[in-house]
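Proteins come first, then strands; the chains are lettered A, B, ... in the order of their sequence lines, and each starts at number 1.
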Amino acid sequence: MSQRYNKKLSDIQVYFAQPLEDWYEKHHRELPWRETNDPYLIWISEIILQQTRVNQGLGYYNRFIERFPNVATLASANEEEVLKYWQGLGYYSRARNLHKASQMIMADFNGVFPSTYEDVRRLKGVGEYTAAAILSFSANLPYAVLDGNVFRVLSRYFGIATPIDTTAGKKEFKQLADSVLDSDAPGLYNQAIMELGALQCVPISPN
DNA sequence: ATCCTGGAAC
DNA sequence: GTTCCAGGAT
């Protein structure tokens, strides 16, 4: 998967992206939403995971997609039932937004999950991070994800002390993230950098 | 730039 | 009981 033939790799790919992706291939957790290219399933998983740990989100994800396996079933359900499947997760506006957005996909996109960044961003509850995740994971489009994990990996690897809770800091990291993105394998690369941040490059006493 | 969520961690 | 988190909305 990370081997690419007949193509010259950039220095940043060789020294940053490749080792990262090799590490990922060897150490990543196997999670159901990583086994699919369906943007709907990836979307559901990303919304659940926004403020929820993987361990807790897993059961909710499995139950949710079993009952609502696609946009149409979610859109035609009533809100109370959608909320029932969310019960215990908190941040219930995420579930309401999912439901509303699924109806918007039916109405405005003929039931087909949108495939451009601009359209995906129009879905309620989908910000820059989630749009980049959905499009890179499902369609391998070159959008760099930028979440807490990525901030941490980049700041440590590149020795950047700029705080991320300022406009300038966010801008700096956004540029860096875009410049080191492996455009040959955006989905794999994005998964890899976040997984490293989650498993190894952790906030306190990193491995 | 500021506010918001609500469980988890402290 | 207070603070923290991690994204999105306004």
Original post:
Roughly, in whole Å, what's the span from CZ in A:Arg152 to P in C:dG7?
Top reply: 10 Å
Original post:
Considering only C:dA9, B:dA8, C:dG7, which nucleotide approaches the side chain of A:Thr130 most closely?
Top reply: C:dG7
Measure all distances between protein nitrogen or oxygen atoms and nitrogen or oxygen atoms of nucleotides 1-3 of chain C, and list the pairs falling under 3.5 Å.
none

Subject >> Shortest non-hydrogen contact between A:Ala101 and A:Trp43, atoms and distance >> reply: CB-CZ2, 3.5 Å
Original post:
Between A:Thr166 and A:Pro163, what is the shortest heavy-atom contact and its length?
Top reply: OG1-O, 3.6 Å
**OP:** Take the protein atom CG of A:Leu49 and the nucleotide atom C1' of C:dA6, then report the distance between them rounded to whole Å.
**Re:** 12 Å
**OP:** Quickly work out the A:Lys124 NZ to C:dG7 C1' distance and round it to whole Å.
**Re:** 14 Å
Original post:
Using the benzene-type ring in the case of Trp, are the ring centres of A:Tyr24 and A:Tyr189 under 6.0 Å apart?
Top reply: no
Original post:
For the residue pair A:Tyr117 and A:Tyr143, does the interplanar ring angle fall in the parallel (under 30°), tilted (30 to 60°) or perpendicular (over 60°) class?
Top reply: parallel
Subject >> Atom-pair distance (CE on A:Met194; C1' on C:dG7), nearest Å >> reply: 13 Å
Subject >> A:Gln51, nearest nucleotide to its side chain (from C:dA6, C:dA9, C:dG8) >> reply: C:dA6
Original post:
How close or far is atom P of C:dA6 from atom CD of A:Glu128, stated in whole angstroms?
Top reply: 17 Å
**OP:** State yes or no: are the ring centers of A:Tyr40 and A:Phe113 separated by less than 6.0 Å?
**Re:** no
**OP:** List the atom of A:Ala132, the atom of A:Asn190, and the distance in Å for their closest heavy-atom pair.
**Re:** O-ND2, 4.4 Å
Original post:
To the nearest Å, how far apart are A:Phe151 CZ and C:dG7 C1'?
Top reply: 11 Å
Please set out all donor-acceptor pairs under 3.5 angstrom arising from side-chain atoms of residues 67-76 of chain A, sequence neighbours excluded.
residue	atom	partner	partner atom	Å
A:Arg67	NE	A:Glu81	OE2	2.7
A:Arg67	NH2	A:Glu81	OE1	2.9
A:Arg67	NH2	A:Glu81	OE2	3.4
A:Asn70	OD1	A:Ala72	N	3.3
A:Asn70	OD1	A:Thr73	N	2.9
A:Asn70	OD1	A:Thr73	OG1	2.9
A:Thr73	OG1	A:Asn70	N	3.2
A:Thr73	OG1	A:Asn70	O	2.9
A:Ser76	OG	A:Ala72	O	3.1
A:Ser76	OG	A:Thr73	O	3.3

**OP:** To the nearest Å, give me how far apart CZ (A:Arg53) and P (B:dA8) are.
**Re:** 9 Å
**OP:** Measure the shortest side-chain to side-chain distance between A:Glu195 and A:Trp23 over non-hydrogen atoms and say whether it is less than 4.5 angstrom.
**Re:** yes
Original post:
Can you tell me how far P of B:dG7 sits from CG of A:Asn55, to the nearest Å?
Top reply: 18 Å
Original post:
Between A:Tyr85 and A:Tyr60, does the ring centroid distance fall short of 6.0 Å?
Top reply: no
**OP:** For DNA chain B, find the residues of residues 91-98 of chain A with a heavy-atom distance under 4.0 Å and give them by number; none if there aren't any.
**Re:** A:Tyr91, A:Tyr92
